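Worksheet: one structure, shown below.
Computed from a prediction, not measured in an experiment: that's the story for all the values here.
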Amino acid sequence: MEVIKDLPEVFEEFAEQRKNSFLAVKQLKEKGIPIVGAYCTYFPQEIAMAMGAATVGLCSTSDETIPVAERDLPKNLCPLIKSSYGFAITDKCPFFYFSDVVVGETTCDGKKKMYEYMSEFKDVFIMELPNSQREESLKLWKSEIIRFKEYLEKKFDVEITEDQIREAIKVNNAGRRSLKRLYEVMRHDPAPIKGHDLFKVLYGSTFKFDRSAIPAEVDALVDKIEKEYAEGVMQEKKPRILVTGCPIGGATEKVIKAIEENGGIVVTYESCSGAKSIDKLVDEENPDVYDALAQRYLEIGCSVMTPNPNRLELLGRLMDEYQVDGVVEMLLQACHTYGVESRGIRKFVNEERGIPYMSVETDYSQADIGQLNTRIAAFIEML
């Protein structure tokens, strides 16, 4: 097996993966490989992968283009939506620029309306995501996955077979297993690595276009972490924090830094950037590939679901498995579904589990870093 580099070097390579993939997406485009961009964890990657397309996440997490976006969008809209739209309309995101089609989904109202404007200058395919996880919802979501497959077949003049979908499911499941094995190293107490380094790998891996290469690379990293831990290389024992809430990345990594620079360590992420997108596999034994995909993706416990028991189930499980001392929920300003649901999360964490909880509301500016540090330091000191 190839000797893996030192851990800090590996973590930084993953941290730079998004930037390093800018050139890779251009090269894929030049080779005639279709690029499918998406904005949500509900996006069924395997359908696009089955036809040989590369898939990439398009959510932007910088305030750089928000002033441009606010020419079309309200100022009091979620920064993730404004940033994503701003990078799209200014062509400052290579992933968006080179995408042949952008897949949207009917999650929150802001995104739905943004996609209407976006469709004026880009091919946008909207998937009708149900906002509940009932049997009728599963039927609708399965039909939407099939409709997406048929759209790709027509647009790219290809046939997507069930065998190709099955193979894509196996490839993606293998990647999920390895990434899950990675974040499970944080079950150790004291933790073997910093939570921010864990995040760099989880987030950076989403920008690797060859999904089949992920298991070997991540498994080698996990083996290295476990070997060094057995030799006594580990973090200082600190209060163990679970991060939940809105998607984290880019500007909002300031929340992770505030936790780890003020005496805590993030041992697990329940959010889209962490366990939520990896926790469950697609059932490879299900003879109906569309039903298998529909079930796996619809089970994701996002705040757009009403009710949303799957989020509580995952949250509770992570709190137990990672011996969590406190929960920090990161809320983006004007993200109404997560903002409203935070009351239920606080009640679950405090009253049912007896664990301290705090929420922080932020945006993509750096203006509140001082306030974040003060509040989070006080919370961790209390633990």
**Asked** More than 12 foreign heavy atoms under 6.0 Å from CD of Q371: is that the case here?
**Response** no
**Request:** Give a yes or no on whether a salt bridge exists between D325 and K238, defined as a side-chain N under 4.0 angstrom from a carboxylate O.
**Result:** no
**Prompt:** Any side-chain donor paired with an acceptor under 3.5 Å for T41 and K276?
**Reply:** no
**Fill in**
For L331 and C246, the nearest pair of non-hydrogen atoms, with its separation, is CA-SG, 4.0 Å
**Message:** Assess whether a salt bridge exists between K208 and E13, defined as any Lys/Arg side-chain N lying under 4.0 Å from an Asp/Glu carboxylate O.
**Reply:** no
**Message:** Classify the ring geometry of F199 against Y203: parallel below 30°, tilted from 30° to 60°, perpendicular beyond 60°.
**Reply:** parallel
**Prompt:** Between K200 and F14, which heavy-atom pair has the shortest distance, and what is it?
**Reply:** O-CB, 3.4 Å
**Request:** Scan Y115, Y39, Y42 and name whichever one has a side-chain hydrogen bond (donor to acceptor under 3.5 Å, both in side chains) with E105.
**Result:** Y115
**Asked** Between V25 and P94, which heavy-atom pair has the shortest distance, and what is it?
**Response** CG1-O, 4.3 Å
**Message:** Name the residue from R343, R346, R311 that meets the salt bridge (Lys or Arg N to Asp or Glu O under 4.0 Å) definition with E329.
**Reply:** R311
**Message:** So, using side chain to side chain contact (heavy atoms under 4.5 Å, CB included) as the criterion, who are the partners of E159 when residues are at least two apart?
**Reply:** E153, T161
**Message:** Do the side chains of E299 and K280 get close enough for a salt bridge, i.e. N-O under 4.0 angstrom?
**Reply:** yes
**Prompt:** Quick one: do R353 and D320 make a salt bridge, cutoff under 4.0 Å?
**Reply:** yes
**Item:** In one Ile/Leu/Val/Met/Phe/Trp/Tyr side-chain cluster, 4.5 Å: V233, L7
**Value:** no
**Item:** Presence of salt bridge, K237 and D189, under 4.0 angstrom
**Value:** yes
**Asked** Of all heavy-atom pairs between R240 and M186, which one has the smallest distance, and what is that distance?
**Response** NH2-O, 2.7 Å
**Prompt:** In terms of heavy-atom contacts, does OH of Y97 have more than 12 from other residues, nucleotides or ligands at under 6.0 Å?
**Reply:** no
**Message:** Closer than 4.0 angstrom, basic N to acidic O: yes or no for R317 and E313?
**Reply:** yes
**Item:** Cluster link F209 to V103, ILVMFWY, side chain under 4.5 Å
**Value:** no
**Prompt:** Does CD in E236 sit with more than 12 non-hydrogen atoms of other residues, nucleotides or ligands closer than 6.0 Å?
**Reply:** no
**Item:** K139 with E136: basic N within carboxylate O range, under 4.0 Å
**Value:** no
**Asked** What heavy-atom pair brings T206 and R211 nearest, and what distance separates the two atoms?
**Response** CA-NH1, 3.9 Å
**Message:** Which residues pass the side chain to side chain contact (heavy atoms under 4.5 Å, CB included) test with Q133, not counting sequence neighbours?
**Reply:** L298, M305, P309, N310
**Prompt:** Is any side-chain N of the basic residue among K122 and D91 closer than 4.0 Å to the acidic one's carboxylate O?
**Reply:** no
**Message:** Pair S365, D63 - check side chain to side chain donor-acceptor pair (under 3.5 Å), show working.
**Reply:** CA-CA 6 Å; S365 77; D63 62 357; 5.5 Å; no
**Asked** At their closest point, which heavy atom of I81 faces which heavy atom of C108, and how far apart are they?
**Response** CD1-SG, 3.9 Å
**Prompt:** Hey, is NZ on K180 packed in by over 12 heavy atoms from elsewhere, all under 6.0 Å?
**Reply:** yes
**Message:** Looking at E226, I want to see if its CD is surrounded by more than 12 non-hydrogen atoms of other residues, nucleotides or ligands under 6.0 Å.
**Reply:** yes
**Salt bridge flag under 4.0 Å for residues E30 and K26** = yes
**Request:** May I ask you to decide if the ring planes of Y322 and Y183 are parallel, tilted or perpendicular, using 30° and 60° as cut-offs?
**Result:** tilted
**Prompt:** Any salt bridge between E150 and R147, counting N to O under 4.0 Å?
**Reply:** no
**Request:** Could you go through the side chain to side chain contact (heavy atoms under 4.5 Å, CB included) check for R296 and R176 one step at a time?
**Result:** CA-CA 13 Å; R296 187 269 171 195; R176 291 182 184 113; 3.3 Å; yes
**Working for side chain to side chain donor-acceptor pair (under 3.5 Å), residues D219 and S178** = CA-CA 6 Å; D219 286 345; S178 293; 3.1 Å; yes
**Within the 6.0 Å centroid threshold, strictly below: Y117 and F121** = no
**Message:** What I want to find out is whether R166 reaches E284 closely enough, with some N-O distance under 4.0 Å, to be called a salt bridge.
**Reply:** no
**Item:** Residue pair E341, N308: steps toward the side chain to side chain donor-acceptor pair (under 3.5 Å) verdict
**Value:** CA-CA 9 Å; E341 194 167 270; N308 188 19; 3.1 Å; yes
**Prompt:** Are more than 12 heavy atoms from other residues, nucleotides or ligands located less than 6.0 Å from atom NZ of K227?
**Reply:** no
